Amino acid sequence: MSSAFECNEGYVPNSVSSTTRVKNSTIVKPFVYGNTAKYFGKKREEDGHTHEWSFYLKPYENEDPSTYIQRVQIKLHDSYPNPNRVLTKAPYEVRETGWGEFEITVKIYFVDPNEKPLTIFHLLKLFSTDPEVIQSKRHLVNEYYDEMVFHEPSHFFHQLLMNSKPLTEGIYEHETNFKEKEEQTLEKMENARQIIRNEISDLRERLKLSQDKMQLLKEKIESDDLAADDVI
Amino acid sequence: MNSDVRDILEISEPNQPKLNKKKKSKRLSESVKRPQGVHREVWGLMSKDDPDQPPLIPAEEPKLYKHPKAKLRYGVRKWRWIEFKNPARTDSALFCHWRCANDDPDKEYPFAKYNKRVQLNTYTESEYALHLKDDNWTKEETDHLFELCQTYDLRFFVIHDRWDPGKFQGKNRTIDELKDRYYKVSGTIQKIRGMEESKIFVFDMEHEQKRREQLEKLFNRTKEQVDEEIYLIEELKKIEVRKKEREKKQQEVSKLLTAAGDLNNKTKLSENKTSNAVSKPSKLKQRKNSVNSNDGSISVVTSNKLTKTSQSESLVSPSSVTSSLPESKSSKKPIVFKPVTESTGIKFPDNKVSGVSLRSFRTKLPQSVGLKKIKAIEQLLDELQIEHKPIATENVCEKFNELRSDIVLLYELQQALTSCEYELQTLKHRYMPILTAKNIDVSQFDTTETNSALLNTLNSANTPQKRISEIFDVSITPGSAPMERRRKAALNQTNLMKRLRGRNAS
């Protein structure tokens with residue numbers, strides 16, 4: 001696998017491999033992004049910062065995304081010095097301190113310059129209602145799972161996407177168990193759907209009944225109306 | 001004022017520094033004080049304190065006319081008062097007018113060429129005797145008519161005015177009669193002389209008379225009549241618009257019903273695998289229109305793979321139409337093979353764009369989903385304890401979109417139901433007096449709320465009394481005012497229709 005990776009020489013613009021697309025191929029690269037936050041315990045005097053937080057973006061699987069991601073631009077709030085942070089190595093992480101929540105804009109640029117960069121918006125969460133977090137027993141974790149879907153990438157890019165090497169040697173884990181979460185969500189949705197389906201059929205029956213009644217009433221009225229035209 | 005000028009121009013007074021005191025006294029003694037009525041500037045112009053000071057009188061302007069004289073090429077021409085002949089005149093009367101001396105004296109009077117006359121076809125005696133005899137018209141009358149036509153250039157209004165009934169036994173001819181006679185005679189003459197039939201002008205007297213009458217009536221309408229007409233036309237338009245709206249609503253409701261039916265059938269499909277697959281081909285054969293994709297679709301159904309929702313729903317719609325709604329409404333008579341998801345629920349943009357995209361992009365609501373629907377979806381999701389943005393795997397996204405589509409369908413059904421029930425109520429109240437007079441049982445038209453026992457037996461499970469759909473804040477009666485207006489409008493409509501009917505009859 002590594003030899004296949006090495007034979008790739010780099011991006012050559014307007015070459016066959018960079019312009020033609022691999023038909024009907026979709027490659028999915030799942031990833032995880034989010035932030036952790038820890039309360040200092042007190043408000044820092046100099047700048048009023050109260051929390052230490054870290055925003056990160058890393059692949060879900062243990063692989064090195066720098067084969068297909070050229071760089072990741074993380075835009076913080078303007079009050080931060082140098083708010084545009086550019087990172088080229090996984091995990092794409094920003095560690096900072098602050099006092100308020102704001103929206104972080106993340107732009108992922110790919111090695112293939114023909115591919116448009118992906119934009120992700122993430123609301124930095126610092127405050128929590130969880131009692132354990134408040135007591136500083138645990139960090140606050142606000143993570144999301146998402147997937148990058150590459151549909152019909154160019155040959156050159158396709159190769160890069162397929163060949164990837166692992167990131168770390170050791171255990172690679174995330175804060176939240178996403179598999180479990182997925183199963184739970186699916187189950188909940190199935191239940192919800194069932195409920196709603198029942199409701200729909202219920203309503204449908206009622207609607208039909210109403211319509212039939214209205215039809216009946218209209219017929220009655222019509223017959224009455226014609227007869228009672230002289231009376232009115 | 002002069003000191004101001006000097007300051008501006010920066011001219012210094014030569015005597016100033018030395019003889020200040022003397023100047024002062026000199027000034028006081030010699031200068032004349034400005035009279036009260038004269039303004040400072042005027043006095044500055046007028047007073048002759050210091051003859052060396054620059055005068056403030058405007059310089060003389062050159063004498064110019066505001067409008068410079070027109071410079072003509074030829075200078076002044078001479079005009080003469082001379083006599084002239086007008087060739088358009090039948091007599092050779094001589095008149096005088098101003099004419100330029102340089103003009104060509106033999107030039108024809110320029111306005112003579114505008115004297116155009118109509119060329120009439122006149123008949124000979126023999127022609128008249130052979131073809132042109134008529135019961136109502138004597139020869140003298142016809143001759144007189146043609147004379148007048150010639151004199152007055154077929155201006156029938158004038159001819160009609162000049163027509164002398166006294167000559168012809170007091171018969172008063174209307175303008176149409178004159179026209180009719182003239183054109184008949186003229187046409188016959190032309191035919192005799194061999195002109196093409198198509199080029200002969202035909203005068204339809206009856207039509208002309210009617211047209212004239214109608215114009216008279218139109219002209220003589222009173223203001224009230226005009227207003228009434230306008231009012232009626234507008235009301236008619238409104239009625240038609242409302243009719244269309246009602247029809248549209250009915251169509252939407254029927255669509256909702258089919259969609260709801262589809263949904264049920266789809267779930268039944270997924271539950272009962274084999275039984276439905278067997279019954280399906282027979283149902284499909286019963287359908288009126290056979291669609292090509294049917295044959296291909298049957299095999300998909302039997303294998304029971306519901307991979308793409310839109311495909312499967314469109315498959316199901318033909319059969320569901322026959323099964324769920326045997327009394328097909330007029331709007332669905334030709335059972336059209338159309339995917340139902342387009343009209344109800346949400347259609348998610350599913351086109352695979354080549355390039356990179358995020359999975360969570362799939363769960364974005366299309367723009368067509370209105371704010372109210374979005375709120376309804378969020379409310380219901382909260383109730384069902386589902387996150388607004390669930391974990392973005394493929395399965396979850398798909399299920400989530402389906403779920404939201406169902407929610408929207410539910411919402412629409414709820415709306416349709418409430419509006420339908422409301423209509424029922426209004427109708428009932430409106431016709432209450434008639435119905436009670438006829439001793440018709442009114443209670444049979446009560447709304448379905450009272451029939452919940454019946455509905456419970458329909459559903460196998462015991463549905464809780466509090467329906468989840470009641471979460472939707474579907475309020476179509478924000479206040480009584482719009483409803484009152486609608487009721488009044490409906491009443492007005494019936495009155496209008498009666499009036500129109502009455503009008504037409506009379």
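Because the structure is a prediction, the values reported are computed rather than measured. The figures here come from the full heavy-atom set of this structure, side chains too, leaving out hydrogens, waters and symmetry mates. Within every chain, numbering begins at 1; the chains are lettered A, B, ... in the order of the sequence lines, protein sequences first and strands thereafter.
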Against chain B, label [X] side chain, backbone, both or neither, depending on which of its atoms sit under 4.5 Å from a heavy atom there.
| X | answer |
| --- | --- |
| A:Lys116 | backbone |
| A:Gln184 | neither |
| A:Phe110 | side chain |

Using ring centroids (six-membered ring only for Trp), state whether A:Phe127 and A:His51 fall under 6.0 Å. yes
For the residue pair A:Ser154 and A:Asp112, confirm or rule out a side-chain donor-acceptor distance under 3.5 Å. yes
Is it true that the side chains of B:Glu387 and A:Thr185 contain a donor and an acceptor less than 3.5 Å apart? no
If you count heavy-atom pairs under 4.5 Å with chain B, which of A:Ile27, A:Asp146, A:Thr119 comes out on top? A:Asp146
Salt-bridge test for A:Glu61 and A:Lys29: reply yes if a basic N is under 4.0 Å from a carboxylate O, no otherwise. no
